[in-house]
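Notes to accompany the following structure.
The structure displayed is predicted, hence computed values, not measured ones. Per chain, numbering begins at 1; letters A, B, ... match sequence-line order.
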Protein chains: 2
Amino acid sequence: MPKVTQQHMDARRKQILDAARRCFLRDGFHSTSMQDLFAEAQLSAGAVYRYFTSKDEMILAIAEENMRDVLDITVAVATNRQGRSMGEVMAELLDVIRVKAVEEDVAGLAVLVWGEAMRNRSLAHELDQLMGGIRANLVTLVREHQEDGGLPTNVTAEAIASTMLSVLPGYILQVALFDPAVVAEVPEAVRALWPAPAGER
Amino acid sequence: MPKVTQQHMDARRKQILDAARRCFLRDGFHSTSMQDLFAEAQLSAGAVYRYFTSKDEMILAIAEENMRDVLDITVAVATNRQGRSMGEVMAELLDVIRVKAVEEDVAGLAVLVWGEAMRNRSLAHELDQLMGGIRANLVTLVREHQEDGGLPTNVTAEAIASTMLSVLPGYILQVALFDPAVVAEVPEAVRALWPAPAGER
DNA sequence: CTCGTAAAAGGGAACGATCGTTTTATTGGC
DNA sequence: GCCAATAAAACGATCGTTCCCTTTTACGAG
C-alpha cells in the first residue's frame with residue numbers, strides 16, 4: 001500500500017536524475033560524490049537510495065536516457081526526408097544536435113558516456129547498438145541518394161553511412177567542449193559537400 | 001649532484017608512465033587507484049611519488065603525450081600530399097590511426113582524454129589547440145583541392161576542413177570501443193566521396 | 001682498485017579525508 | 001497508532017598522499 005501517488009514517485013525520480021545530470025556534467029561521473037548529489041537534489045541519502053540502489057545504476061540510467069535522446073533525434077530527422085539532399089538531412093541533424101546541446105547538454109553527456117563505455121562493457125554494447133541504429137537509418141537514406149546520383153555507387157551504402165555517422169561524434173565533441181563558433185560552419189559545408197544531383201536541382 | 005644517471009631516471013619515468021597507460025586504459029583515469037598503479041609499475045608509493053607529485057600530474061602527462069602523438073600523425077600524413085586527392089589523404093590518415101590504435105591504444109586514450117577535458121578546463125584548452133592544429137593542416141589541403149576543382153568553392157576552406165576534422169573523433173571512438181570491422185570500409189568510402197577531379201584522374 | 005660517505009632512490013606502513021552505502025531515529029499523513 | 005518517507009549519523013573500505021626508514025648509488029680519498 002503506497003503512501004504516495006505514482007506521479008509523486010515519478011517526480012522524485014526525475015528530481016534526482018536531473019540533479020545527477022547537473023552534477024555529472026559539472027564533475028564527471030566518478031568525481032561526483034553521492035554527497036554532492038544529495039545536496040544538488042536537496043534530498044538526504046535515505047531518500048535517494050530509495051529510488052536507486054547504487055551510484056552505478058544512476059550513471060546507467062542517465063547514460064541510457066541520453067542515448068535514447070540521440071537516437072530519437074536522428075530518427076526524427078532521417079524520417080522527414082521529402083526530397084532533400086543527403087547534405088541537407090545531415091546539416092539538419094547537426095543543427096538539431098547543437099540546439100539540444102545548448103538546451104539539455106546532450107553533447108556533454110554523450111562525451112562522458114563514451115569515456116564510461118571504455119571501462120563498462122555492457123554500456124559499450126549499448127553504445128554500439130545506438131550507433132548501429134543511427135547507421136541503419138542513414139543506410140536507407142544513402143541508398144536512395146545513390147540511386148538518384150547524389151552519392152557515389154562504387155562503394156557500399158553501408159560504407160558511406162558509416163562515414164556520415166563518423167561526423168556526428170566529432171561535431172558533438174566540439175560542441176560539448178569548445179566555443180560553438182568553431183563548428184558553426186560545418187552544417188553549411190555538409191550541405192555543399194553532398195548536394196542534390198545536378199538533374200534534380 | 002645526482003646519484004643516479006639521467007637515463008636511469010628517464011627509464012623509471014617511462015616505466016611509470018607505461019604502467020599508468022595500461023591502468024588508465026583498463027579502468028579509466030579515476031577508477032584507477034594509485035595502489036593499482038604501484039602494482040602495475042612494480043614500484044612502491046615512495047618511488048612513484050619521487051617522479052610525479054600527484055595523480056593529476058600523471059593524467060596530464062599521459063593526456064599530453066597522446067595529443068602530441070595524434071598531432072604528429074596528422075602532420076606526417078598531411079605533409080606527404082604529392083598530388084593525391086583529398087579523399088586519399090583522409091583515408092591514409094584513418095588507416096594510420098587504426099594501426100596506432102591497435103599498436104599503442106592511441107584511440108582509447110583519446111576517448112578517455114575527451115571525458116577528462118569535460119571537467120578540466122586547461123586540458124580542454126589543450127585539446128582545442130590540438131584540433132585547431134589539425135584543422136590548420138587540413139585547411140591548406142582543402143584550399144588546394146578547391147582550386148583544382150576537387151572540392152566545392154561555395155563554402156570556405158575552413159568550413160570544409162572542420163567537417164573533415166569532425167570525421168576523426170567518430171572514427172577514433174568506434175575503433176576504440178567497437179569491433180574494428182565496423183569502420184573497416186570508411187577509408188574506402190572517404191576516397192570515393194572526395195576523389196580527384198575528373199580532369200586529373 | 002677499494003673503500004667510506006653523503007645523498008638520492010626506493011619501500012611500505014600509516015595518515016586523515018572522503019568514498020558509497022547502511023542503519024537508526026524521527027517525522028507526518030492516513 | 002501504524003507505516004511509508006525522510007533525515008542524519010555512522011559504517012567500513014579505500015582513496016591519494018606523506019613520512020620515515022632502509023637500500024642503493026656515485027664519487028672522491030687513500
For this session: Step by step, work out the side-chain contact (heavy atoms from CB on, under 4.5 Å) result for A:Ile134 and A:Leu130.
Result: CA-CA 6 Å; A:Ile134 299 176; A:Leu130 165 66; 4.1 Å; yes

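- Spacing between atom CD1 of A:Ile16 and atom P of C:dG20 amounts to 15 Å, rounded to whole angstrom units.
- Rounded to an integer number of Å, the gap from CD of B:Gln42 to P of C:dA9 is 20 Å.
- Residue A:Arg12 has no polar side-chain atom (N or O) positioned under 4.0 Å from OP1 or OP2 of D:dA5.
- Applying the ring pair (Phe, Tyr, Trp, His ring centres under 6.0 Å) test to every pair with at least one member in residues 27-46 of chain A, sequence neighbours left out, gives these pairs: A:Phe24-A:Phe29.
- A donor-acceptor pair is defined here as one N or O able to donate and one able to accept, closer than 3.5 Å; such a pair exists between the side chain of A:Lys55 and the backbone of A:Thr32.
- Note: CD (A:Gln15) to C1' (D:dT6) measures 12 Å, nearest angstrom.
- Counting only heavy atoms from C-beta outward, the side chains of A:Met67 and A:Gln129 never approach each other to under 4.5 Å.
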For this session: Indicate for each nucleotide in nucleotides 8-24 of chain D, in 5' to 3' sequence, whether protein heavy atoms under 4.0 Å reach the base (B), only the sugar-phosphate (S), or nothing (-).
Result: B------SBBB------

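- A heavy-atom distance below 4.5 Å is found between the side chains of B:Met58 and B:Ile16.
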Exercise. How far apart are the C-alpha atoms of B:Arg143 and B:Glu158, what are their side-chain angles, what is the distance that settles it, and do they pass the side-chain contact (heavy atoms from CB on, under 4.5 Å) test?
Worked result: CA-CA 9 Å; B:Arg143 203 162 274 143; B:Glu158 287 77 11; 2.9 Å; yes

